[in-house]
2 protein chains.
Amino acid sequence: MKNPNGFHKKGTTTPIPLPTVSRLPIYLRHFTEFEKEQQLVISSKTLSEVSGIHPAQVRKDLAYLGQVGQRGIGYEVKRLAHKVRDILGLHQTWLVLLVGTGNLGMALLQYGGFVKAGFKIVAAFDVDPSKIGWELEGVKIWPLLALRQIVREKKIEIGIVAVPASQAQGVTNALVDAGIRAILNFAPCSLTVPRSIFLRNVDLSLELEHLTYFLGREVFTRTFNP
Amino acid sequence: MKNPNGFHKKGTTTPIPLPTVSRLPIYLRHFTEFEKEQQLVISSKTLSEVSGIHPAQVRKDLAYLGQVGQRGIGYEVKRLAHKVRDILGLHQTWLVLLVGTGNLGMALLQYGGFVKAGFKIVAAFDVDPSKIGWELEGVKIWPLLALRQIVREKKIEIGIVAVPASQAQGVTNALVDAGIRAILNFAPCSLTVPRSIFLRNVDLSLELEHLTYFLGREVFTRTFNP
DNA sequence: TTCTGTGAATTTATTCACAGCA
DNA sequence: TGCTGTGAATAAATTCACAGAA
């Protein structure tokens with residue numbers, strides 16, 4: 001099989017297509033809900049109904065995880081959730097640092113969803129000298145100069161960039177230097193990183209701009225979760 | 001030509017493929033940067049280099065906007081930016097309301113990117129009685145009961161949901177009832193809306209979960225901006 | 001020449017449709 | 001029977017490759 005995304009290095013497991021990888025966290029959320037409701041087994045049809053993803057798509061996606069369902073029965077929620085966490089690497093707690101403690105940074109610090117998903121923000125950084133040394137949500141604020149040291153000491157692998165666009169590239173370079181492996185960027189700009197760094201952009205106004213395309217014309221609609 | 005996304009109603013303009021629509025705001029951001037730098041004309045190659053999108057893809061995307069480039073020359077930045085804003089419906093100011101004034105809501109209220117892109121949050125809503133009547137960033141906080149009235153009075157078309165997952169569906173129903181046409185959902189859950197409502201989900205921990213898939217294996221990487 | 005616009009080729013993703021197992 | 005897993009069919013998106021305009 002040819003590598004469906006451009007990312008697979010030979011000898012290193014699952015060539016799961018990128019769109020499937022994007023859908024796995026969505027499935028996982030529903031599994032968590034089903035687990036809460038004591039629903040032990042679900043079918044691709046049910047999962048399709050709650051997620052809006054075509055049932056054949058659901059089956060194909062889940063089949064990439066191996067033989068995870070039972071013909072005639074369905075998928076055992078618990079087993080499947082475990083498998084998806086396995087694939088997504090969510091059985092460990094990932095240590096995360098945050099650069100920028102403005103409003104967005106604060107919101108991220110207090111955002112419950114990260115903890116629930118197994119992410120832990122263990123350090124925050126800011127340029128504002130008046131903020132340094134303080135603690136927010138039990139997380140200490142450091143100057144940017146401390147980046148390299150803290151990353152090494154705490155073995156942090158993921159960085160969140162929540163600074164103004166004008167500072168984002170500089171901060172990113174510092175993160176890369178400090179040895180961060182993945183970056184989640186909230187600044188509304190494109191960043192340049194070495195090929196070895198995994199970068200994902202979340203742009204809030206971009207999402208709104210996408211919406212207005214459809215508002216601007218008469219269209220039929222459905223949910224997007226790209 | 002067959003409709004490439006499922007959204008196009010006959011007799012109502014551009015059947016631009018969905019992936020292209022998602023890339024238009026990215027191009028637009030770069031145009032804005034080029035405008036700032038007094039760069040009058042750009043080529044698909046340049047745009048490709050800054051955006052990471054394949055040059056042929058850039059040309060194909062831009063060609064959906066009509067005849068926007070000049071063979072042998074390139075694209076006139078100003079003209080093209082105008083055209084993209086046209087297509088995305090960004091020449092008007094869109095009125096937006098916010099439900100939930102917790103940390104995320106606050107961050108969104110103060111987020112400069114929206115204003116820059118032509119969005120204006122003109123009302124905020126919360127269930128917490130102690131917050132009602134106060135102003136944040138010049139935006140008054142209303143009780144949820146006032147939703148319908150405010151939406152009609154101010155002719156608001158877009159709603160942002162920034163409440164806990166447990167309340168999100170209820171709030172969404174209220175927004176739909178009140179006559180909102182598009183919803184940007186930040187709650188980590190899937191929402192059900194009528195087909196006539198345009199819904200877009202932004203899930204912060206989902207983004208991180210996507211990242212860890214790649215961190216968990218040895219892969220070559222590049223930027224994602226899905 | 002340079003660089004767009006675009007058919008054709010290719011790759012990738014989705015959906016169909018059914019064999020096979022409980 | 002009900003439902004998964006999966007080849008085959010279809011649809012869509014991307015990339016190639018080149019004609020044609022400046």
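Predicted model, so just to flag it, every value in this text is computed and none were measured. In the text below, chain A, chain B and the rest are named by the order of the sequence lines, each starting its count at 1.
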Kindly say whether B:I53 contributes a backbone atom to a donor-acceptor pair with the side chain of B:S48 at under 3.5 angstrom? yes
Rounded to whole Å, please give me the gap between CD in A:Q67 and P in C:dG20. 15 Å
Can you measure A:D61 atom CG to D:dC3 atom P for me and round it to whole angstrom units? 19 Å
Under 3.5 Å donor-acceptor, A:T212 side chain and B:L88 backbone: yes
Test side chain to side chain contact (heavy atoms under 4.5 Å, CB included) applied to B:R71 - qualifying residues, sequence neighbours left out: none
Looking at A:Y64, I'd like to know whether one of its side-chain N or O atoms comes within less than 4.0 Å of OP1 or OP2 on D:dT4. no
Parallel under 30°, tilted from 30 to 60°, perpendicular over 60°: which one fits the rings of A:F114 and A:F119? perpendicular
Base-paired stems that DNA chain C participates in, counting runs of 3 or more Watson-Crick or G-U pairs under 3.5 Å: C:1-22 with D:1-22
Keeping to residues at least two apart or across chains, list the side-chain hydrogen bond (donor to acceptor under 3.5 Å, both in side chains) pairs with something in residues 156-168 of chain A. A:E157-A:R181
Would you please confirm or rule out a distance under 4.0 Å between OP1 or OP2 of D:dA13 and any side-chain N or O of B:R23? no
Starting at CG of B:L40 and ending at C1' of C:dC3, how long is that distance when rounded to a whole Å? 17 Å
Nearest-Å distance, OH (A:Y75) to C1' (D:dG2)? 13 Å
Using ring-ring contact (aromatic ring centres under 6.0 Å, His included) as the criterion, list what pairs up with A:H82, not counting sequence neighbours. A:H91
Using the test side chain to side chain donor-acceptor pair (under 3.5 Å), find all partners of B:T172 that sit at least two apart in sequence or belong to another chain. none
Taken to the nearest whole Å, CD/A:E76 to C1'/D:dG2 is 18 Å
B:L65 CG to C:dG5 C1', in whole Å, measures 13 Å
Could you encode protein contacts along nucleotides 15-22 of chain D as a string, one character per nucleotide from 5' to 3', using B for base contact, S for sugar-phosphate-only contact and - for no contact, with a heavy-atom cut-off of under 4.0 Å? BBB-BBBS
Got a second to check how far A:L47's CG is from A:Y75's OH, nearest 0.5 Å? 8.5 Å
Would you classify A:S44 as touching base, sugar-phosphate or nothing, given that sugar-phosphate means primed atoms plus P, OP1 and OP2, and contacts are heavy atoms under 4.0 Å? sugar-phosphate
Roughly, in whole Å, what's the span from CD in A:E49 to P in D:dC3? 11 Å
Protein-nucleotide distance (A:K45, atom NZ; C:dT15, atom C1'), rounded to Å: 17 Å
With side chains defined as the heavy atoms from C-beta onward, is the minimum distance between A:L18 and B:Y213 less than 4.5 Å? no
